[in-house]
A.B. asks: 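Okay, handing you the structure first.
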Amino acid sequence: MIKAISILAILILLLPTTVPAQNWVSDSLLIVKNQIEEEIKNENYDKVQQIFTYLSGKGSSSLDQKIFDYMYAIIERDEIKNQPGLLGIIVNNLGNMEFYRGDMMMAKNRFEEALIYYQAAKQKKDAAGMAMNLGIIQERLANYDSALINYDKALPIFLELKDFDAAAICFENQAIVYNYMGNSSKSLALLNKTDSLLNETLNDGDGRFTNLYYNKSIVFMEIGNFDSSIYYAFKGLKISENLEDDRRKNIGYIQLQDIYKRMGDDENWLKYIDLAKHFAEKTGNEMRLAELNFSLSSYYNSNGLYDSAEYFIKKATPYYVKENVGEGLAKSYLLMGSINYEKGDFDKASNYFKLSLKNIVSIDSKTLASIYHNLGKSFIKIKQYDSSDYYLQKALEKRLSFRELESISETY
């Protein structure tokens, strides 16, 4: 079975919410706009900055288009353009919001703009934060070396400034990348560092812990420790529910559906994937919908329902093509190949596996080993034995490097 992996990335600006954000937009957005106008009129830009930070927290939680529209409109005003520090804050927050609704390229563009504004304002810490956010985007695009380079730029600045909250986020993002690269032990060590730093400054019900617990859950799931994985997923979900934070609750649903899928618990898997899809559709999160449709396709493929599998993978793939997400395309073509392999169309399967290989971004991706393995299998079926030996040997080398014992025996 080909598995969808969805690792969470932590942006430098993370804000807990205590009011249901969807209700807040209809009840309070106009009040906040009026407050901003009053403070701009009085040239009280520090207060304007505080209000926009608060507003972006609501935007990240609800993903309501009205908040996006207002923030994009206000950065065009001359009185805002003349304040590079304030402009950096607003554009940075827009990048966060774009990230959370799944538009990686828009998020990347906003972070690059914010970096320029922060540098113009000589705000060293905020510029380091943008370097870290750009690392997150590189991680999402499977450019793992570039992601680590950006994190390595940011971390010394945070430590120098004794900003341990930001340093904790940096450690956590490094952990995410190392997990993608197959180094689970280093990932868990970095997450434990994150835990220690957060416990020094935050209470245990703070929304920031949800991200840490979900990421711990993911790493434990990857190494097959499902009891610990479920424990941390529900721990994060409980905090999200207490804060009435819809976005973070949805991340919990996504994590639980992935765990239950790997455990073979179809009833619970379908329950949580339905909750996650409902939220993604409501907020227009194309990235999340693509991931969930991929997961449904993988499920139907593993259960022999190949027409349904093909239907859902065809719903997932256009997002990865549009956004040029190499890792997503590689996984989609890999799954298309698997579906056709199971249907007995080995020529078509091998062509999809070749497309998957063509779109892989990182040589350190676990997906690469699966591509090599499936190419080897498909070449056996079409009697190209030299090619089969070549790719199976490469699959074995990769899986030995990742210490994937179950997969190693499969390749042998």
A.B. asks: Is the shortest side-chain heavy-atom distance between Leu237 and Tyr253 below 4.5 Å?
C.D. replies: yes
A.B. asks: Could you please spell out the steps behind the ring pair (Phe, Tyr, Trp, His ring centres under 6.0 Å) verdict for Tyr144 and Tyr180?
C.D. replies: CA-CA 8 Å; Tyr144 301 132; Tyr180 264 133; 5.3 Å; yes
A.B. asks: Take atom OH in Tyr72; do more than 12 heavy atoms of anything else shown fall under 6.0 Å from it?
C.D. replies: yes
A.B. asks: For Glu310 and Lys315, run salt bridge (Lys or Arg N to Asp or Glu O under 4.0 Å): C-alpha distance rounded to whole Å, both residues' side-chain angles, the deciding distance at 0.1 Å, then the answer.
C.D. replies: CA-CA 9 Å; Glu310 196 164 12; Lys315 286 175 72 71; over 6 Å; no
A.B. asks: Around atom NZ of Lys343, are there more than 12 heavy atoms from other residues, nucleotides or ligands closer than 6.0 Å?
C.D. replies: yes
A.B. asks: Between Asp245 and Lys249, is there a side-chain N and carboxylate O pair less than 4.0 Å apart?
C.D. replies: no
A.B. asks: Tell me whether the NZ or CZ atom of Arg101 lies within the 45° cone about the ring axis of Phe68 and under 6.0 Å from its centre.
C.D. replies: yes
A.B. asks: Would you say Asn82 has more than 12 foreign heavy atoms packed within less than 6.0 Å of its CG?
C.D. replies: yes
A.B. asks: Only one of Lys277, Lys331, Arg140 clears salt bridge (charged side-chain N to carboxylate O under 4.0 Å, His left out) with Glu291; which?
C.D. replies: Arg140
A.B. asks: Stepwise, does the side-chain contact (heavy atoms from CB on, under 4.5 Å) test hold for Gln257 with Arg262?
C.D. replies: CA-CA 9 Å; Gln257 65 84 24; Arg262 296 186 188 211; over 6 Å; no
A.B. asks: For the atom pair NZ (Lys108) and CD1 (Ile137), what is the distance rounded to the nearest 0.5 Å?
C.D. replies: 8.5 Å
A.B. asks: Would you call Lys394 and Glu397 a salt bridge, taking side-chain N to carboxylate O under 4.0 Å as the test?
C.D. replies: no
A.B. asks: Salt bridge check: are Glu267 and Lys271 linked by an N-O gap of less than 4.0 Å?
C.D. replies: no
A.B. asks: Check this for me: Asp204, atom CG, are more than 12 non-hydrogen atoms of other residues, nucleotides or ligands nearer than 6.0 Å?
C.D. replies: no
A.B. asks: Between Asn340 and Lys348, which heavy-atom pair has the shortest distance, and what is it?
C.D. replies: OD1-CD, 3.3 Å
A.B. asks: May I ask you to check whether over 12 heavy atoms, not counting those of Lys33, lie within 6.0 Å of atom NZ?
C.D. replies: yes
A.B. asks: Drop me the distance from Asn303's CG to Ser298's OG, to the nearest 0.5 angstrom.
C.D. replies: 9.5 Å
A.B. asks: Would you please test Tyr117 and Asn92 for side-chain contact (heavy atoms from CB on, under 4.5 Å) and show each step?
C.D. replies: CA-CA 10 Å; Tyr117 298 137; Asn92 172 8; over 6 Å; no
A.B. asks: Quick one: closest heavy-atom pair of Ala233 and Ser217, and the distance?
C.D. replies: CB-OG, 3.6 Å
A.B. asks: Of all heavy-atom pairs between Tyr319 and Met104, which one has the smallest distance, and what is that distance?
C.D. replies: OH-CG, 4.4 Å
A.B. asks: Could you report the tightest heavy-atom contact between Leu335 and Ile313, atom names first, then the distance?
C.D. replies: CD2-CD1, 3.7 Å
A.B. asks: Under the side-chain contact (heavy atoms from CB on, under 4.5 Å) criterion, do Ser187 and Leu191 qualify, and how do the steps go?
C.D. replies: CA-CA 6 Å; Ser187 181; Leu191 290 173; 4.3 Å; yes
A.B. asks: What do you reckon, is CZ of Phe52 surrounded by more than 12 foreign heavy atoms closer than 6.0 Å?
C.D. replies: yes
A.B. asks: Below 4.5 Å, heavy atoms only, C-beta onward: do Lys238 and Lys235 meet side chain to side chain?
C.D. replies: no
A.B. asks: A side-chain contact here means heavy atoms from C-beta on lying under 4.5 Å apart; do Asn268 and Leu256 qualify?
C.D. replies: no
A.B. asks: Just do the side chain to side chain donor-acceptor pair (under 3.5 Å) check on Asp246 and Asn250 with the steps written out, would you?
C.D. replies: CA-CA 6 Å; Asp246 288 341; Asn250 186 56; over 6 Å; no
A.B. asks: What orientation do Phe346 and Tyr341 show, parallel under 30°, tilted 30 to 60°, or perpendicular over 60°?
C.D. replies: perpendicular
A.B. asks: Applying the salt bridge (charged side-chain N to carboxylate O under 4.0 Å, His left out) criterion to Glu172, which one of Lys216, Arg208, Lys193 satisfies it?
C.D. replies: Arg208
